[in-house]
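Scope of the values below: all heavy atoms of this structure, side chains included, with no hydrogens, waters or symmetry mates. What you see is a predicted model; the values in this text were computed from it and never measured.
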Amino acid sequence: MSYNLLKGKRGIIFGALNDMSIAWKVAEKAVEEGAIITLSNTPMAIRMGDVNQLGEKLGAEVIAADATSVEDLEMVFKKSMEALDGKIDFVLHSIGMSPNVRKKRTYDDLDYDMLNKTLDISAISFHKMIQAAKKLEAINEYGSILALSYVAAQRTFFGYNDMADAKSLLESIARSFGYIYGRESHVRVNTISQSPTMTTAGSGVKGMDKLFDFANRMSPLGNASADECADYCIVMFSDLTKKVTMQNLYHDGGFSSMGMSLRAMNAYEKGLEDYMDENGKIIYG
């Protein structure tokens with residue numbers, strides 16, 4: 001059901017890959033709510049994924065760009081304003097990748113060149129994106145810029161690795177730039193801390209299936225789906241949230257406020273045999 005929350009608005013969605021992507025769902029919902037948009041991802045992601053099909057479906061131009069390149073980002077904003085015939089009202093940063101996670105390097109044995117890539121791709125790209133938009137005066141007054149985060153920015157999760165550091169930096173950028181951009185241009189900058197979600201990127205995290213189940217048992221409302229996250233993003237893009245900025249907004253069914261739930265405790269009491277070594281000692285990770 002459409003509420004026309006984004007009627008007449010223009011947006012850019014970074015990071016859609018396939019129909020498992022949260023960015024994909026956001027793009028679909030944005031157009032359903034009356035927006036016109038452009039899509040952007042890396043040239044490789046466009047070749048390997050289904051972004052062009054999404055662009056055809058939504059009537060959205062697909063712009064290949066490296067989000068770690070300031071020049072590429074400036075090009076995306078310029079081309080988007082040209083394609084959409086005006087300044088931008090909302091932007092979604094749905095970008096994250098860790099070479100250390102992909103190479104199964106543990107947090108106490110990181111490759112630092114890979115760590116730099118993790119931070120650049122997953123967090124610093126957000127700063128570059130906002131800075132490029134601000135210098136080009138590409139965002140309309142009370143425009144909304146969002147990035148997707150995760151609770152590992154505040155709490156330790158086994159297997160999330162250096163992505164936790166990236167998410168912490170991402171949220172800090174939202175606060176720091178949110179102050180400057182809000183004061184000078186009334187542009188909002190926020191992050192949404194989403195439940196574990198079975199996206200292509202999320203499934204690469206060690207033990208994701210167990211983490212997904214644990215979060216679902218802990219959350220009073222259960223895990224939030226990609227479609228439900230898209231709904232929340234639409235509200236944050238709309239004029240209903242014109243005075244919300246510099247916030248990290250939890251969208252996790254209540255997980256972030258929980259200590260222990262009955263469902264999680266019952267699962268824990270079933271036994272720890274799978275997490276013991278040959279001497280019967282518990283392996284804590």
Side-chain angles (χ1 to χ4, degrees), residues 2 5-99 102 117 120-122 125-126 128-130 132-133 136 138-139 143-148 192 194 197-205 225-234 236-237:
S2 174
L5 289 176
L6 303 183
K7 186 177 180 180
K9 293 191 180 295
R10 306 171 180 87
I12 307 173
I13 305 296
F14 288 88
L17 179 68
N18 54 38
D19 61 6
M20 292 176 63
S21 308
I22 293 175
W24 183 289
K25 306 293 186 183
V26 174
E28 290 181 324
K29 294 269 186 180
V31 172
E32 182 182 325
E33 289 296 331
I36 53 176
I37 66 170
T38 59
L39 301 164
S40 185
N41 212 323
T42 64
M44 180 178 292
I46 292 171
R47 286 197 305 271
M48 302 296 290
D50 303 321
V51 189
N52 284 322
Q53 291 92 309
L54 180 63
E56 291 174 10
K57 175 184 174 183
L58 302 180
E61 182 173 338
V62 177
I63 305 170
D66 175 359
T68 66
S69 165
V70 173
E71 293 76 16
D72 279 16
L73 290 168
E74 290 175 346
M75 176 269 295
V76 171
F77 282 105
K78 289 175 182 176
K79 281 193 173 183
S80 294
M81 287 189 286
E82 182 179 338
L84 303 176
D85 194 28
K87 289 188 177 184
I88 306 304
D89 297 294
F90 61 88
V91 177
L92 177 70
H93 176 287
S94 182
I95 301 167
M97 192 276 286
S98 166
R102 289 189 174 184
K117 288 180 181 177
D120 197 18
I121 294 168
S122 307
S125 63
F126 190 45
K128 293 175 180 177
M129 190 177 292
I130 302 170
L136 290 170
I139 309 294
S144 177
I145 302 174
L146 275 181
L148 297 182
I192 291 180
Q194 166 71 0
T197 311
M198 290 299 186
T199 62
T200 301
S203 60
V205 176
S225 69
D227 278 301
E228 289 166 333
C229 185
D231 288 335
Y232 197 12
C233 290
I234 297 306
M236 292 306 299
F237 291 153

message = Name the residue from Leu17, Val51, Asp19, Ile13 that meets the side chain to side chain contact (heavy atoms under 4.5 Å, CB included) definition with Trp24.
response = Asp19
query = Taking NZ, NE, NH1 and NH2 as the nitrogens, is one of them in Lys57 or Glu28 under 4.0 Å from a carboxylate oxygen of the other?
reply = yes
message = To the nearest 0.5 Å, what is the distance between CE on Met44 and CG on Asp66?
response = 11.0 Å
request  = Using a 4.5 Å cut-off on heavy atoms from C-beta on, say whether the side chain of Ser40 contacts that of Asp72.
outcome  = no
ask   = Any idea which heavy atoms bring Met75 and Ala65 closest together, and the distance?
value = CE-CB, 4.2 Å
ask   = So Met97 and Arg102, side-chain contact (heavy atoms from CB on, under 4.5 Å) or not? Walk me through it.
value = CA-CA 8 Å; Met97 192 276 286; Arg102 289 189 174 184; 3.5 Å; yes
task = Using a 4.5 Å cut-off on heavy atoms from C-beta on, say whether the side chain of Asp231 contacts that of Lys25.
result = no
message = Quick check on side chain to side chain contact (heavy atoms under 4.5 Å, CB included): which of Val76, Ile95, Val70 does Met129 satisfy it with?
response = Ile95
task = Can you see which heavy atom on Ala67 is nearest to which on Lys128, and at what distance?
result = O-CD, 4.4 Å
inquiry  = Does atom CD (Gln53) have a neighbourhood of more than 12 heavy atoms from anything else shown, all under 6.0 Å?
reply    = yes
query = Rounded to the nearest 0.5 Å, what separation is found between the OG1 atom of Thr38 and the NZ atom of Lys79?
reply = 11.0 Å
key: Any donor-acceptor pair under 3.5 Å from Asn41 side chain to Ala16 backbone   = yes
request  = Please round to the nearest 0.5 Å and tell me the distance separating atom CE of Met48 and atom CG of Asn18.
outcome  = 11.5 Å
task = Given side-chain contact (heavy atoms from CB on, under 4.5 Å), test Leu73 with Phe14 step by step and report yes or no.
result = CA-CA 10 Å; Leu73 290 168; Phe14 288 88; 3.9 Å; yes
message = Quick check: closest heavy atoms across Phe126 and Leu146, and the distance to 0.1 Å?
response = CE1-O, 4.1 Å
message = Nearest 0.5 Å, please: how far is CD1 in Ile37 from CG in Leu58?
response = 5.0 Å
Could you list the donor-acceptor pairs under 3.5 angstrom formed by side chains in residues 83-94, with sequence neighbours left out?
{"unit_1": "Lys87", "atom_1": "NZ", "unit_2": "Glu137", "atom_2": "O", "d": "3.3"}
{"unit_1": "Asp89", "atom_1": "OD1", "unit_2": "Asn140", "atom_2": "ND2", "d": "3.0"}
{"unit_1": "Asp89", "atom_1": "OD2", "unit_2": "Arg10", "atom_2": "N", "d": "2.8"}
{"unit_1": "His93", "atom_1": "NE2", "unit_2": "Ser125", "atom_2": "OG", "d": "2.8"}

task = Give a yes or no answer on whether the side chain of Glu33 reaches the backbone of Leu6 with a donor-acceptor pair at less than 3.5 Å.
result = no
ask   = Do Thr68 side-chain atoms and Asp120 backbone N/O form a donor-acceptor pair below 3.5 Å?
value = no
ask   = So, do Ile139 and Phe77 sit near enough that their side-chain heavy atoms are less than 4.5 Å apart?
value = yes
Residue pair Glu74 / Ala132: nearest heavy atoms and the distance that separates them = CG-CB, 3.9 Å
ask   = What pair of heavy atoms forms the shortest contact from Ile63 to Ser80, and how long is it?
value = CD1-OG, 3.6 Å
